[in-house]
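Down below is the structure, laid out as structure tokens.
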Amino acid sequence: MATSRRPGRPRASSAATIHEAALELFLERGYDAVSIDDIARRAGVSRGTVFAYCDSKADALWASLDAAIERAGAAIGASAADVDDGDRERPALGRLVDALALAVEPWGTTPPAALRDARAMGAVAALRDGAPARLQPVVDRAALALALERDALPESADASVEPIAIVAAACAALVAWTQTPRRPSAASAVRAATEPLAAARRASRSR
């Protein structure tokens, strides 16, 4: 059981303190029973300070996952720049797989608490319901890359469906990965789930 911190003693990084305090409380009391005021008291900061870093308690729950999503989006953007420079040998779906694996590489074999303890926190529904909107920027970037490759519109089925399927497969793989006793790295789990899917889609189009 995590120990409570005395109010008025925030750690060096307010963001890290707030996110850690929130996760502690979610685990102790359950996600639905925790308020922003509770998080502020546990972190030893004001309510306004909490809102400076989190628009809602969902943001505190998603903090480490949002960081991975941002890494994926940045990686897709970087790979698109490479393609503009003339490297057109790498298919867009392959670049999406690479970006998703890169995004979770910092996790190694240790799941972030939000994923590992989601059930104990009572936060499964909050993660499930928040995932589509939070992952949409990654899907949109991948769809744009695929549209450029296929001379299609980003919103067309030809460009948008496959990125959704691959991102969903990566998410499902990560959920299963958290429950694996002798787990590989998160990046390996993502690649194992998404590379065959991307390869199959490329093969079906080349027939």
Side-chain angles (χ1 to χ4, degrees), residues 2 15-43 47 49-76 96-97 99-107 110-144 146 154-155 157 159-180 183 186-187 189-190 192-194 197:
T17 301
I18 290 164
H19 297 148
E20 183 180 336
L23 293 177
E24 288 176 359
L25 287 168
F26 297 155
L27 192 56
E28 291 171 13
R29 305 180 189 177
Y31 179 78
D32 290 339
V34 175
S35 68
I36 290 292
D37 287 335
D38 294 330
I39 295 169
R41 281 192 293 271
R42 175 61 62 91
R47 177 184 174 90
T49 299
V50 174
F51 279 118
Y53 294 98
C54 305
D55 289 337
S56 67
K57 66 180 182 180
D59 286 345
L61 174 68
W62 274 87
S64 61
L65 308 181
D66 282 341
I69 292 170
E70 288 177 9
R71 288 192 292 270
I76 294 171
L96 173 58
V97 169
L100 294 171
L102 179 67
V104 299
E105 199 169 76
W107 297 353
T110 305
L115 278 184
R116 183 192 64 220
D117 300 327
R119 191 171 299 278
M121 292 175 179
V124 172
L127 291 175
R128 182 191 62 231
D129 295 345
R134 290 177 184 269
L135 289 165
Q136 192 61 48
V138 173
V139 171
D140 289 344
R141 285 198 174 200
L144 178 59
L146 203 57
E155 62 272 19
S160 63
V161 172
E162 289 164 17
I164 292 172
I166 288 175
V167 170
C171 292
L174 288 170
V175 170
W177 168 76
T178 64
Q179 306 303 316
T180 304
R183 63 181 68 89
V190 165
T194 57
L197 183 57

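Every value quoted in this text rests on a predicted model; they were computed, and no experiment measured them.
Across all non-hydrogen atoms, the minimal contact from D38 to L25 is O-CD1, 3.4 Å. Contact between W177 and P112 at its shortest, heavy atoms only, is CZ3-CD, 4.4 Å. Shown here for I166 and T194, the closest heavy-atom pair between the two residues is O-CG2, 3.5 Å. What you find for L146 and P163 is that their closest heavy atoms are CD2-CD, 3.9 Å. Residue W107 comes nearest to L115 through the heavy atom pair CZ3-CD1, 3.9 Å, listed as atom of the first residue, atom of the second, then distance. Of all heavy-atom pairs between A126 and L61, the closest is CB-CD2, 3.8 Å.
Atom NE2 in H19 sits 10.0 Å away from atom OG1 in T17 (nearest 0.5 Å). Interatomic distance, CZ of R47 versus CD1 of I39, reported as 10.0 Å (0.5 Å rounding). For the atom pair R42 CZ and R29 CZ, the distance stands at 6.0 Å (nearest 0.5 Å). With rounding to the nearest 0.5 Å, the separation of CD1 in I36 from CZ in R41 is 11.5 Å. For the atom pair L23 CG and M121 CE, the distance stands at 4.5 Å (nearest 0.5 Å).
Sequence neighbours left out, the pairs with a member in residues 63-76 that pass side chain to side chain donor-acceptor pair (under 3.5 Å) are D66-R134.
Residues satisfying the side-chain contact (heavy atoms from CB on, under 4.5 Å) test with A72, not counting sequence neighbours, are L100, A103, V138. T180 pairs by the side-chain hydrogen bond (donor to acceptor under 3.5 Å, both in side chains) definition with nothing, not counting sequence neighbours. The salt bridge (Lys or Arg N to Asp or Glu O under 4.0 Å) search around D129 returns none, not counting sequence neighbours. Applying the side-chain contact (heavy atoms from CB on, under 4.5 Å) rule to A131 yields the partners W62, L135; only residues at least two apart in sequence or on another chain are considered. In this view, D140 and Q136 satisfy the side-chain contact (heavy atoms from CB on, under 4.5 Å) rule, not counting sequence neighbours.
Under the 4.5 Å side-chain criterion, counting only non-hydrogen atoms from C-beta, L127 is not in contact with V175.
Between the K57 side chain and the A22 main chain, no donor and acceptor come within less than 3.5 Å of each other.
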